[in-house]
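Here is how names work: the chains are called A, B, and so on, in the same order as the sequence lines, proteins then strands, and each is numbered from 1. Because the structure is predicted, anything quoted here is derived from the model rather than measured.
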Number of protein chains: 2
Amino acid sequence: MIVHGEEPFDAETGLAALAEGPVTATDAFYVRSHGAVPEIDSAAWRLRVLGVVERELELSLTTLREAFREREVTATLQCAGNRRAGLIAIRDIPGEAPWGPGATGTATWTGIALADVLALAGPLPEAAHVGFESADLCPEAQPPQRFGGSIPLDKARRPEVLLAWGMNGEPLAPVHGAPLRVVVPGYIGARSVKWLERIEVRSRPWRGYFQHVAYRLLPEDGTPGPGAGMPLGLVALNADVLAPADGQTVAAGPVEVRGYAFAGGERHVARVDVSLDGGASWSQAELLEDLGRWAWRHWRITVDLVPGDHEILVRAWDSSAATQPEDEAALWNPKGYVNNARPRIRVRAAAA
Amino acid sequence: MIVHGEEPFDAETGLAALAEGPVTATDAFYVRSHGAVPEIDSAAWRLRVLGVVERELELSLTTLREAFREREVTATLQCAGNRRAGLIAIRDIPGEAPWGPGATGTATWTGIALADVLALAGPLPEAAHVGFESADLCPEAQPPQRFGGSIPLDKARRPEVLLAWGMNGEPLAPVHGAPLRVVVPGYIGARSVKWLERIEVRSRPWRGYFQHVAYRLLPEDGTPGPGAGMPLGLVALNADVLAPADGQTVAAGPVEVRGYAFAGGERHVARVDVSLDGGASWSQAELLEDLGRWAWRHWRITVDLVPGDHEILVRAWDSSAATQPEDEAALWNPKGYVNNARPRIRVRAAAA
């Protein structure tokens, strides 16, 4: 893994590990934290459900496992800062990790539907958002506070939103949120709150630092502050190349190009195109295994490279027939979020 | 209205009528037809519901009005060919109407939830799509057939999808689909089938001409044919300028620029920016009245124009923080669908 920070621990998946297949190996799965991994005694741990509900709940892990139907969802998580390095290359973004394309990964998550827990609590008529609060204390927040965020109630009630204790068939590791985390498919990773302790049903979006100040898209000349900029939530259509690597020298002739594309929200990837002439002409890549509507698609195409330098340009299309913006520079923003410009890599083809 | 065809009748709304406000006047609302307006005797008319359902239904208008709760949704409809003129300017698209930015409009629709009718019919476990068939015979189809299309069952069950008999507080006019039409907010206009006669619950998407051959996004070098290209469904993020008009001469000084932006799907418009320097710097426009999650947003901004020629460039952002692609030429496709490039207009500012 490529480690961006030790405390809190931030690390992204290397290209080779991502390229292995559409399900990301658990021990290579990216980690984004805002505080130290909390030490939690699973036996003593309780999930509290409160806010605008008919009845508050306090549930042990045993109760959660026994009272609700176990469910499984294969879903891609993606950090809002994925591919930030491309923006930093244009203009520095001090204090933010230079994530490459590996702040994303796909796993099969096991747990229960958040909807089932909400149904037991009974949201009152004024309920409109569901907030999640973690056990980890985050010193970077102003003021220091536990990590948290919320999603609309409408989304929270959908069957794909899980409270998960398992990842790729194994118990969830502490670094990934044990004993229980949220998994919100189609939303930025920051909403899939780890080390979940408290669910707060609310009439308004979460007001904590990580939703009201951080994880917001600012205009190019904007300054972070309470309510400034656009709140992030749904992931935007994105893609990147996993092989060959940018700057790699390959043997001239047929070269397999591979990557991922993720539509975000409730959309799916409909098409991926590759161009070798700067976008003047495009060839369609093959979409690989379909892991369902909440997972990215890996793709591949074989291109024929004559000896010399080449630029490989990619664009994905989602199910609304929307495609990615071209100009990375125009997407620059002060926190370096949502770089979803068309990826491009340079490769040198060497004669045999 | 700007008439593109008399038989079938195709006409778009003029910029001045669109600019009047976010709800489009009924008599100026765009019309896209594929056959002649059918003559329907409302008293004898019946809605048939069939396919993979527990019980087939045959319902009169009176029954529909009496058996189900009346609902109202303000929703934008948008033709998949909206703004095609911008693609035709790059390369001709024979046989397709040169729609400008007025193949879209917003109305308040009155009727009942499709979900309620489906619940009465009881979709069987294999049900996955809901098809709609019209009364109009379309000679342009191969072979000639009634207009039709389908949406996923998941969408069909959502409360915003209506079977509508009213538009902006008046009975639906024949040209807009009387006695009953479908309104599918967030989807291309072609799924909001007019003159509805038959609902077919299905395990697979509609196989008729208007979904399996037409209304698909082809690659630039593609040829229309059964299953060719990407099926259109969700509307992609789009925007255009309504005032001033492209090529207009205005008085130098403060000039109000107005337009619309529509996120499509289940997204909303989060931001609209305007640039006078080709995208080097941007100013945020004011988003006008919010008519709810299924309607576009009108926007306005006052820019200061010195005497001379100016280009006004616009980009909208949706709630996933996705923005529009820049390059209109790169979006060219053989049927001219989904031109959602950043709109740009040229104006001349004349000294007083």
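Identified by a heavy-atom distance below 4.5 Å to chain A, the contributing residues of residues 281-296 of chain B are B:Q284, B:R293, in residue-number order. For residues 264-271 of chain B, heavy-atom neighbours of chain A at less than 4.5 Å comprise B:G264, B:G265, B:E266, B:R267, B:A270, B:R271, sorted by residue number.
For A:R216, no part lies under 4.5 angstrom from a heavy atom of chain B. Only the backbone of A:A280 comes within contact range of chain B, with at least one heavy atom under 4.5 Å from a heavy atom of that chain. At a 4.5 Å heavy-atom cutoff, the contact between A:D154 and chain B is made by side-chain atoms alone.
With chain A as the partner, the residue from B:A329, B:S319, B:G233 showing the most heavy-atom pairs under 4.5 Å is B:S319. Of the listed residues B:L232, B:V235, B:N340, B:I188, the one with more heavy-atom pairs under 4.5 angstrom with chain A than any other is B:V235. Among B:W317, B:Y187, B:Y337, the residue with the largest count of heavy-atom pairs under 4.5 Å with chain A is B:W317.
B:A321 approaches A:L217 most closely through the heavy-atom pair CB-CD2, 4.0 Å. When all heavy atoms of A:R315 and B:A330 are compared, the pair lying nearest together is NH1-O, 3.1 Å.
Listed by chain and residue number, nothing satisfies the salt bridge (Lys or Arg N to Asp or Glu O under 4.0 Å) test with B:E72 (two or more places apart in sequence, or in another chain).
Using a 4.5 Å cut-off on side-chain heavy atoms (C-beta onward), B:L331 and A:T323 make contact.
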Output a table of donor-acceptor pairs, distance under 3.5 Å, between side-chain atoms of residues 219-227 of chain B and any protein atom two or more places apart or on a different chain; print 'none' if there are none.
from	atom 1	to	atom 2	distance (Å)
B:E220	OE2	B:R91	NH2	3.2

